[in-house]
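So the structure is just underneath, and the comments pick up after that.
Both backbone and side-chain heavy atoms feed into the values below; hydrogens, waters and symmetry mates do not. All figures in this text were calculated on a predicted structure; none of them were measured in a lab.
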Amino acid sequence: MWFRNVFLKTLRDYRVAIIGWGVGMGLVIVSPMASVAALISTPAQHAALASLAAQFAWNADPIKADTVGGYATFKIGVFVFIACIWPLLAASRMLRGEEDRGSLDVLLSAPRTRLSIALQKVAAMWTALLVVAVIVGLLAFAGTAKASVDFGLGSTLMFGVNVALIASVFGAVGLLVSQFVAERRTAAGITAAVLLIAIVVDMVHRVEPGTEWISRLSPVYYYNLSKPLIPSYGTNFGAMLVQLAMTVILSGAAVWLFARRDVGDTVHIPGTSRLPRPAARSVATLPVGDWTLRSVYARSMGMVAMPTFWWTLAIAGFSGWMVVVVQQTAAQLRKVLEGSPLMKDFVQLGGSDAATNSGIFSALFIFMPLLLMAFAVTQANRWSSDEEDGRLELVLSTPQPRLQVLLGRFAALSTATVVISLMTLAVTVAAAAAAGVKLDQGNLAVAALSMIPLGLLVGAIGYALSGWLRAAVDTGLVSFLLVIWFVISFIGPGLHWPDAALRLSAFYYYGTPMVSGLQVANLLVIVVVAAAALTIASLRFVRKDIAV
């Protein structure tokens, strides 16, 4: 039945993402709901938790943070927007990706109109997000079983719907952007930048009072107007309708443009065709002297250069901003948490001591390896996509040994992760010096450089899975694995999971280097697993048929 029409076929392709992201985001909200009950058993703890949340208003509105629903809403904060990543990627490649591969030409050769195909694909993504919303809502409701709460199934389902709506907005942005650019990766990158800017714009009014009019320009602002898990605050249906309207308008514009442009071409912005063209000049047929053509490694470095630049800018910039957060909150946190066990739960990702700058920064720095591993996912996707689209056949016909091609590409990925880690370290040190924040320089270097094995681990696993799976499934499984790892580290300590369960996450082996320093044995585990995955990838690639 799944192949009867475009809608069902597209929905079938999303089956892994639906389960992975639904369960993953559901578990993220379950964790704080399960752990907060033990932290608010006395009036003093209620007051301490409310004061603590007020120091992190940039993360989310600290409303009723001393209740189960309020604490859960505040605790996940900006992390909930990781749910926008999958629809962002899916929408960017929904039409543009099929045009890149040429599969859309085959689909359009059947008696189907462009409008019908585009609408069915968009409807499939919306349906997938609705199913994800239901899974998130059901899991969140299941998490209330061990907590005394004043909200029910309806509230948790509305929370899931709110998450699905903001995700659909950025999916629609990705679909619209893909009509103006020639590659799906470019569309995804621009949309990710829009998401980051929207999150920052929404934060403005919580950091600088009187600037709410600026935050209203961000879709994220309207997501935050609804807090279904806080009965006294409730669901803002007007804000949800605004998100729905944004989704419909942006998606409708994208479909309208797609139906009126040439397949494989982009939308031409009015006026650009009238710009004077530069005079033709004599150029070589091929850039034979270009440094990127001297070897597989050099060519791979040329391909990864721009993504590395933008990811470095984002990761290093975020790390520098975290230093500013430490500066602003350290004094208040010491005063609020003196003699209180609350910070132990709040920084459970780092498991560190809140009485030191390094302890606070350790809890925030956990997002840096997560972002680096996300970068590795994109590069693993590029490897599998190049094979699937036939680009590797051109390289291998030069001729080049298969093993050399794979190792050259992986070496470029390794170089990129080293560059990102070193630049993150440099920016963090500079930001700490400028802000006057004292950090253990040795442990800071260990924390930054220890991210490298994690990035290589994710890249190696992606390369290995590409030997058996298509690019979309490969990327989905690696992304799902990354989310599961983070969920284990996010909810495991709060639910008192056994050490054996926590060891299933790569973040367990990263540990808290800002506090505990270098953990050689743990890093060796990551290196050994990454080497094993790369060995499997190499053996499979050398022996398999290309694109099979």
Side-chain angles (χ1 to χ4, degrees), residues 2-14 17 86-129 168 170-192 194 247-275 277 303 306-307 378 381-394 470-476 546-547:
W2 295 106
F3 297 97
R4 291 180 179 176
N5 54 52
V6 175
F7 170 79
L8 291 174
K9 171 61 169 62
T10 306
L11 191 61
R12 177 184 180 276
D13 291 340
Y14 293 156
W86 172 71
L88 180 157
L89 295 173
S92 298
R93 66 172 179 261
M94 181 184 296
L95 298 173
R96 181 59 64 187
E98 293 202 26
E99 290 176 87
D100 289 346
R101 294 192 301 270
S103 59
L104 189 60
D105 292 329
V106 178
L107 187 58
L108 289 172
S109 67
R112 296 184 179 90
T113 64
R114 291 193 193 183
L115 183 62
S116 173
I117 291 173
L119 288 176
Q120 289 186 67
K121 285 181 172 291
V122 172
M125 188 178 72
W126 287 357
T127 303
L129 287 173
S168 66
F170 288 99
V173 172
L175 184 62
L176 181 60
V177 171
S178 69
Q179 307 308 308
F180 294 89
V181 298
E183 293 186 357
R184 61 184 183 274
R185 296 188 184 95
T186 305
I190 293 174
T191 310
V194 172
T247 301
V248 173
I249 292 172
L250 293 173
S251 299
V255 171
W256 184 82
L257 291 171
F258 170 72
R260 285 161 176 77
R261 65 173 174 83
D262 291 336
V263 175
D265 197 3
T266 61
V267 174
H268 296 285
I269 300 175
T272 56
S273 59
R274 296 190 296 271
L275 294 176
R277 295 184 179 182
M303 294 166 57
M306 285 308 298
T378 65
N381 171 259
R382 188 162 194 163
W383 164 260
S384 55
S385 295
D386 283 350
E387 179 183 352
E388 189 173 293
D389 296 343
R391 297 188 183 96
L392 287 184
E393 294 180 5
L394 297 176
R470 294 184 297 109
V473 180
D474 178 20
T475 305
I546 296 298

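Nearest heavy-atom pair across Ser251 and Trp126 is OG-CZ2, 3.6 Å. Considering every non-hydrogen atom in both Ala17 and Trp86, the closest pair reads CB-NE1, 3.2 Å. Nearest heavy-atom pair across Leu88 and Ala188 is CD2-O, 3.6 Å. A pairwise comparison of heavy atoms in Ala91 and Gly171 identifies CB-O, 2.9 Å as the closest pair. Residues Thr191 and Gly174 approach most closely at OG1-CA, 3.2 Å, considering heavy atoms. Between Gly97 and Arg184, the shortest heavy-atom distance links the atoms CA-CD, 3.7 Å.
To the nearest 0.5 Å, the span separating CG on Leu257 from CG on Leu176 amounts to 6.5 Å. Note that NZ of Lys121 and OG of Ser116 are 11.0 Å apart. Values are rounded to the nearest 0.5 Å. Atom-to-atom distance recorded for Arg93:CZ and Ser178:OG is 12.0 Å, nearest 0.5 angstrom. Separating the CD1 atom in Ile249 from the CH2 atom in Trp256 is a distance of 15.0 Å, to the nearest 0.5 Å.
The closest side-chain heavy-atom distance from Leu95 to Gln179 is below 4.5 Å. Counting heavy atoms from C-beta on, the side chains of Pro307 and Arg382 come closer than 4.5 Å. Under the 4.5 Å side-chain criterion, counting only non-hydrogen atoms from C-beta, Phe180 is not in contact with Ile190. Using a 4.5 Å heavy-atom cutoff, the side chains of Leu175 and Leu250 are not in contact. No side-chain heavy atom of Thr10 sits under 4.5 Å from any side-chain heavy atom of Gln120.
In this structure, Ser384 contributes its side chain and Asn381 its backbone to a donor-acceptor pair below 3.5 Å. Listed for the Ser109 side chain is a donor-acceptor partner under 3.5 Å among the backbone atoms of Val106.
Screening Val6, Asp13, Leu11, Asn5 for a side-chain contact (heavy atoms from CB on, under 4.5 Å) with Lys9, the sole residue that qualifies is Asp13. Residue Glu98 is tested with Ile117, Leu108, Leu107 for a side-chain contact (heavy atoms from CB on, under 4.5 Å); the sole match is Leu107.
Among residues two or more places apart in sequence or in another chain, the salt bridge (Lys or Arg N to Asp or Glu O under 4.0 Å) test is passed with Asp386 by Arg185, Arg391, Arg409. Applying the salt bridge (Lys or Arg N to Asp or Glu O under 4.0 Å) test to Glu99 and every residue at least two apart in sequence or in another chain returns Arg96, Arg261.
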